[in-house]
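Some notes on the structure that comes next.
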Amino acid sequence: QVQLVESGGRLVQAGGSLRLSCAASGRTFSILVMGWFRQSPGKEREFVAATGWSGGESRYGDSVTGRFTVYRDNVKKAVYLQMNSLEPEDTAVYYCAAGTVLFTTPDYYAYWGQGTQVTVSS
């Protein structure tokens with residue numbers, strides 16, 4: 001099993017920045033991809049960003065491209081999401097996820113964190 005613990009979510013004003021962190025523990029050797037999804041009330045879980053554990057490939061959702069950056073620390077077994085130019089529409093619970101393929105669909109991620117709330121005020 002793999003355990004994922006997110007941190008960093010809070011209230012921030014529109015236009016501001018925030019960095020989310022996710023630390024992995026347990027059978028981390030089974031992980032090849034780590035990423036972020038988000039979900040707001042009444043909406044489906046949305047792909048935000050993901051990065052491969054090796055090779056440097058990353059993917060982003062259309063709504064965050066150019067504003068968010070995902071990066072990893074292989075030594076710490078952690079992944080981060082740097083969010084800039086935040087908008088009220090970015091308000092959601094952000095979930096860290098881990099899997100073996102760099103897809104944008106939640107079904108391909110076997111492990112999930114508990115989520116961290118990000119609220120962007122206008």
Side-chain angles (χ1 to χ4, degrees):
Q1 289 291 331
V2 173
Q3 295 77 42
L4 304 174
V5 178
E6 305 102 329
S7 61
R10 62 175 176 86
L11 174 65
V12 62
Q13 288 189 335
S17 297
L18 196 61
R19 189 183 80 158
L20 303 182
S21 303
C22 174
S25 61
R27 298 171 64 89
T28 57
F29 58 84
S30 64
I31 298 174
L32 298 178
V33 173
M34 288 186 71
W36 296 90
F37 288 78
R38 67 186 182 185
Q39 190 167 20
S40 52
K43 295 186 178 181
E44 294 185 353
R45 192 162 293 191
E46 176 190 11
F47 173 76
V48 176
T51 184
W53 212 241
S54 62
E57 181 183 4
S58 297
R59 298 182 69 177
Y60 295 90
D62 291 341
S63 61
V64 306
T65 298
R67 299 188 298 124
F68 291 9
T69 302
V70 62
Y71 59 99
R72 69 196 183 281
D73 184 325
N74 288 1
V75 174
K76 295 183 177 180
K77 300 297 183 185
V79 67
Y80 306 93
L81 184 68
Q82 177 65 43
M83 304 185 292
N84 298 328
S85 302
L86 283 162
E87 304 167 352
E89 292 74 22
D90 296 316
T91 295
V93 177
Y94 283 70
Y95 295 92
C96 178
T100 57
V101 289
L102 191 51
F103 286 173
T104 62
T105 306
D107 291 349
Y108 287 94
Y109 292 80
Y111 304 104
W112 293 85
Q114 80 287 353
T116 185
Q117 176 70 47
V118 172
T119 302
V120 183
S121 63
S122 58

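What you are looking at is a predicted structure, and each value in this text was computed from that prediction instead of being measured.
- Counting only residues at least two apart or on different chains, the salt bridge (charged side-chain N to carboxylate O under 4.0 Å, His left out) pairs with a member in residues 90-108 are Arg38-Asp90, Arg67-Asp90.
- Across Asp73 and Lys76, no two heavy atoms sit closer than the pair OD1-N, 3.0 Å.
- Between the OH atom of Tyr60 and the OG1 atom of Thr65 there is a distance of 8.5 Å, given to the nearest 0.5 Å.
- In this structure, Tyr111 and Leu4 approach most closely via the heavy-atom pair O-CD1, 3.5 Å.
- Once rounded to the nearest 0.5 Å, the distance linking CG of Leu81 with OG of Ser21 reads 9.5 Å.
- Summarising the geometry, atom CZ belonging to Arg19 is positioned 8.5 Å from atom OG belonging to Ser7; distances are rounded to the nearest 0.5 Å.
- Atom CD of Glu57 sits about 8.0 Å away from atom OG1 of Thr51, to the nearest 0.5 Å.
- In this structure, the side chains of Tyr109 and Val33 come closer than 4.5 Å at one or more pairs of heavy atoms.
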Test side chain to side chain donor-acceptor pair (under 3.5 Å) applied to Ser63 and Glu46, step by step: CA-CA 10 Å; Ser63 61; Glu46 176 190 11; 3.0 Å; yes

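- Val48 and Val120 fall within a single hydrophobic cluster, where Ile, Leu, Val, Met, Phe, Trp and Tyr side chains are chained together by heavy-atom contacts under 4.5 Å.
- To the nearest 0.5 angstrom, Thr104 atom OG1 is 5.5 Å from Arg59 atom CZ.
- At least one side-chain heavy atom of Cys96 sits less than 4.5 Å from a side-chain heavy atom of Trp36.
- If you check the side chains of Gln114 and Glu6, you find a donor sitting under 3.5 Å from an acceptor.
- Between Phe47 and Phe37, the distance from one ring center to the other falls under 6.0 angstrom.
- Here the shortest heavy-atom pairing between Thr100 and Ser30 reads CG2-O, 3.5 Å.
- Rounding to the nearest 0.5 Å places OG1 of Thr69 at 6.5 Å from CG of Asn84.
- No donor-acceptor pair closer than 3.5 Å links the side chain of Ser40 to the backbone N or O of Ala92.
- Contact check for Val12 versus Thr119: no side-chain heavy atoms found under the 4.5 Å cut-off.
- Side-chain polar atoms of Ser122 and Gln13 form no donor-acceptor pair below 3.5 angstrom.
- The side-chain heavy atoms of Lys77 and Trp53, taken from C-beta on, include a pair separated by under 4.5 Å.
- A tilted orientation is assigned to the rings of Tyr94 and Phe68, their planes being inclined by 30° to 60°.
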Intermediate values then yes/no, side-chain contact (heavy atoms from CB on, under 4.5 Å), Val2 and Ile31: CA-CA 8 Å; Val2 173; Ile31 298 174; 3.4 Å; yes

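- Contact annotation: the side chain of Leu20 approaches that of Thr116 to within less than 4.5 Å [non-hydrogen atoms, C-beta and beyond].
- Contact of the Met34 side chain with the Val70 side chain is not registered, since no non-hydrogen atoms from C-beta on lie closer than 4.5 Å.
- Nearest heavy-atom pair across Ala50 and Leu102 is CB-CD1, 3.3 Å.
- Looking at heavy atoms from C-beta onward, Ser17 lies in side-chain contact with Gln82 at the 4.5 angstrom threshold.
- Surrounding CG of Asp62 are at most 12 heavy atoms belonging to other residues, nucleotides or ligands under 6.0 Å away.
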